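In what follows, every chain begins at residue 1, and chains take the letters A, B, ... in the order their sequences are listed. Just so we're clear, the structure is a prediction, and the values are computed from it rather than from any experiment.
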There are 2 protein chains.
Amino acid sequence: MSRPTIAGVARAAGVSVASVSRVLNGLPATEEMTERVRRAVAELGYVPDARARSLKVGRTFQLTLAVADVGNPVYVTMMRAVEEVVSAAGYRLVVTTTGPDVVDEVALVQGMARGYADGLLISPIRVDEDLVKAIRACEVPVVVAGSVPSKAGVDTVRANSPKGMLLAVDHLTYCGRRRIAFLNGPADTVPGAARAKGFAEALRAHDLEPIAVAEAADFTFAAGRRVSGDVLRAKPNAVICANDLLAVGLMHELAAAGLDVPNDVAVVGMDDSELAEQSFPPLTSVNLGSAERGRRAAELLLARIDDNDRTPRRIVVQPSLSIRRSTP
Amino acid sequence: MSRPTIAGVARAAGVSVASVSRVLNGLPATEEMTERVRRAVAELGYVPDARARSLKVGRTFQLTLAVADVGNPVYVTMMRAVEEVVSAAGYRLVVTTTGPDVVDEVALVQGMARGYADGLLISPIRVDEDLVKAIRACEVPVVVAGSVPSKAGVDTVRANSPKGMLLAVDHLTYCGRRRIAFLNGPADTVPGAARAKGFAEALRAHDLEPIAVAEAADFTFAAGRRVSGDVLRAKPNAVICANDLLAVGLMHELAAAGLDVPNDVAVVGMDDSELAEQSFPPLTSVNLGSAERGRRAAELLLARIDDNDRTPRRIVVQPSLSIRRSTP
DNA sequence: TTGTAAGCGTTATCAG
DNA sequence: CTGATAACGCTTACAA
């Protein structure tokens with residue numbers, strides 16, 4: 001016995017398929033009609049086919065969230081926020097991973113045209129002309145959590161990295177640290193570039209020279225460890241890291257070198273992810289508003305699905321600093 | 001201008017829709033036909049609609065992975081392994097979160113009947129009669145990463161927690177620790193129950209009495225911290241934790257109490273997730289084979305999609321111990 | 001209020 | 001090898 005269709009239900013209830021559909025969708029029907037349909041549905045264990053339904057109505061009631069790396073705790077914060085908003089709006093959230101390459105991001109965006117979901121929320125790590133083009137051409141609404149040229153004409157929600165950097169440097173100088181180094185991720189990524197720029201500006205604002213700037217191969221713990229040596233050779237008394245994973249990697253190397261955090265070297269991370277409070281010592285971290293970014297991006301996406309003609313908005317969420325024990 | 005359909009392509013190429021479909025699916029066609037279709041497809045930027053296609057062929061080429069908590073690093077390990085297997089087989093992987101409640105798991109399994117995906121890989125944290133029933137009744141193949149009664153007649157891949165526990169206790173006694181406590185997650189969960197049982201057995205095998213057994217409200221860092229006091233009051237010189245998050249939570253409380261890890265108290269976690277190497281000190285952890293479990297579960301799922309009549313397999317993957325610096 | 005029937009965009013069957 | 005056409009399961013005018 002195969003899965004029952006709406007026709008089967010109609011037959012069992014002795015009514016038309018249209019009536020079944022109406023009852024199921026809460027459209028007006030007699031008491032008796034409703035009852036007969038309900039009974040038949042229960043009897044057969046009928047469940048409407050989402051594929052057929054979405055083919056007809058043109059909507060899937062699914063939204064896709066694409067992130068670069070599920071291992072990066074900043075995405076779990078964001079994911080939780082997005083999930084909350086979209087499920088409250090009656091959508092299912094499906095999460096997919098793109099990996100670090102632009103080509104995969106482009107493929108994903110183009111694939112959306114196949115109708116898998118009604119909208120895409122993407123947090124691209126690298127952006128190039130092709131990606132912008134793909135986003136513009138995308139059949140379904142796209143909102144970007146991150147930076148993308150304004151000519152892309154797409155809703156974006158991004159962090160204010162320079163401001164966040166300033167917060168970090170303010171705090172460190174206030175603590176008396178002036179030999180500040182920077183452990184960045186790849187500078188050819190969007191966040192990498194933004195943070196590098198922000199770091200330079202923030203130091204300039206304080207009339208400081210960077211002690212060292214290192215660039216990890218990617219935004220991971222392992223990559224952070226690998227380049228920590230380059231940072232430490234410069235004997236900084238404070239290091240700002242482009243995200244929490246890198247910061248934790250650095251702290252491991254500091255421990256291995258017999259250096260105390262925060263007494264010998266203060267460390268500040270970025271993202272203020274769950275890892276920041278889990279690390280030891282708990283990590284002072286720049287909160288770039290990942291939860292709020294997720295929330296607002298999701299709201300933007302829902303709004304655009306509702307009305308695709310609205311003018312694109314570009315939201316910037318403000319950072320704050322979560323001071324923990326990795327700084328004095 | 002709206003999205004082109006196969007009919008539009010056919011018109012543009014001056015051929016029938018059937019021919020377009022054939023060319024696109026690599027069925028025999030003349031050189032010229034192929035060329036004309038290809039040109040029209042490129043011209044219009046045609047992308048086949050996945051909904052319509054799956055309605056017709058009855059397959060979505062999507063697989064769903066359902067996990068309880070995206071914040072638990074054990075799932076990222078598993079997710080990576082699953083992703084690798086299913087994408088190699090030509091499927092897209094969509095990840096959804098169920099939360100800690102059985103009702104949500106049941107709803108998810110029942111929802112699969114709507115045709116969102118061709119198969120479901122679920123790692124349920126709590127199992128009850130309803131869930132088993134839902135899985136049996138599920139229209140699409142389901143494989144469970146975890147334990148479920150064998151009468152459910154479903155493929156499962158599970159860890160060997162008792163064996164893992166034994167590894168942990170072996171190691172601790174070898175290090176001379178005999179005052180061993182256990183920090184568990186909720187005992188009414190599948191992993192919680194398995195680990196409690198395993199812990200008791202392992203201690204018995206070593207003629208040891210448990211010093212303390214505490215139960216966190218869930219398998220999270222915060223919950224681990226909250227009940228650590230109950231564990232520490234018993235003055236253990238070793239604590240086994242039901243997962244890495246709990247272990248890290250405990251280590252924070254140990255530090256707060258001025259106790260050294262591993263000298264005063266040895267700590268061993270379970271799951272051997274990325275967090276184990278990121279924590280400080282790096283956490284000795286029982287590797288319950290999450291990557292292998294993910295891989296094999298995915299393979300089982302693919303095999304069952306291929307042939308739904310095969311007899312259900314129940315695979316158990318063997319644990320190993322990753323010794324790091326949280327034990328002497 | 002209810003039923004009939006026409007699609008939604010594909011693929012598969014069956015003639016030509 | 002190619003083209004017309006009937007499904008796939010559902011929603012929605014339109015008619016009754």
Rounded distance (Å) that lies between atom C1' of D/dC10 and atom CZ of A/Arg59: 16 Å
Closest heavy-atom pair and its distance - B/Ala52, B/Asp49: N-OD1, 3.0 Å
Whole-Å distance separating the CZ atom of B/Arg114 from the P atom of D/dT11: 9 Å
Side-chain-base donor-acceptor pair under 3.5 Å for B/Arg22 and D/dG3: yes
side-chain N/O B/Thr5 vs C/dG9 OP1/OP2, d < 4.0 Å: no
hbond_proxy B/Lys56 side chain to D/dA7 base (donor-acceptor, 3.5 Å cutoff): yes
5' precedence on DNA chain C between B/Ala18 and A/Thr34 (nearest-nucleotide basis): A/Thr34
Distance, rounded to the nearest Å, where B/Glu31 contributes CD and D/dC1 contributes P: 12 Å
Rounded distance in Å - CG (A/Leu55) to C1' (D/dT11): 10 Å
Side chain of B/Ser19 (C-beta onward), nearest among C/dG9, D/dC10, D/dT2: D/dT2
Length of the line joining A/Arg3:CZ and D/dG9:P, which is rounded to integer Å: 8 Å
Touch class at under 4.0 angstrom, heavy-atom based, for B/Val47 against every strand present: sugar-phosphate
Value in whole Å for how far the C1' atom of D/dT12 lies from CG of A/Leu27: 10 Å
Residue B/Met33, side-chain heavy atoms: nucleotide from D/dC10, D/dG3, C/dT10 that is nearest: D/dG3
Nearest heavy atoms of A/Ala117 and A/Thr64, plus distance in Å: CB-OG1, 3.3 Å
A/Asp49, nearest nucleotide to its side chain (from D/dA13, D/dC10, D/dT2): D/dC10
Candidate nucleotides C/dT10, C/dT11, D/dA4, ranked by approach to the side chain of B/Ala52 - the nearest: C/dT10
Between C1' of D/dT12 and CG of A/Asn25, the distance in whole Å: 10 Å
Which atom of B/Ala12 lies closest to which atom of B/Leu44, heavy atoms considered: CB-CD1, 4.1 Å
OP1 or OP2 of C/dT11 under 4.0 Å from side-chain N/O of B/Arg53: yes
Sidechain-backbone polar pair: B/Asn25 side chain, B/Ser21 backbone, donor-acceptor under 3.5 Å: yes
Any B/Ser21 side-chain N or O less than 4.0 Å from OP1/OP2 of C/dT11: yes
Protein-nucleotide distance (B/Arg51, atom CZ; D/dG9, atom P), rounded to Å: 17 Å
Touch class at under 4.0 angstrom, heavy-atom based, for A/Ala29 against every strand present: sugar-phosphate
Carboxylate-amine/guanidinium contact B/Arg39 B/Glu35, below 4.0 Å: yes
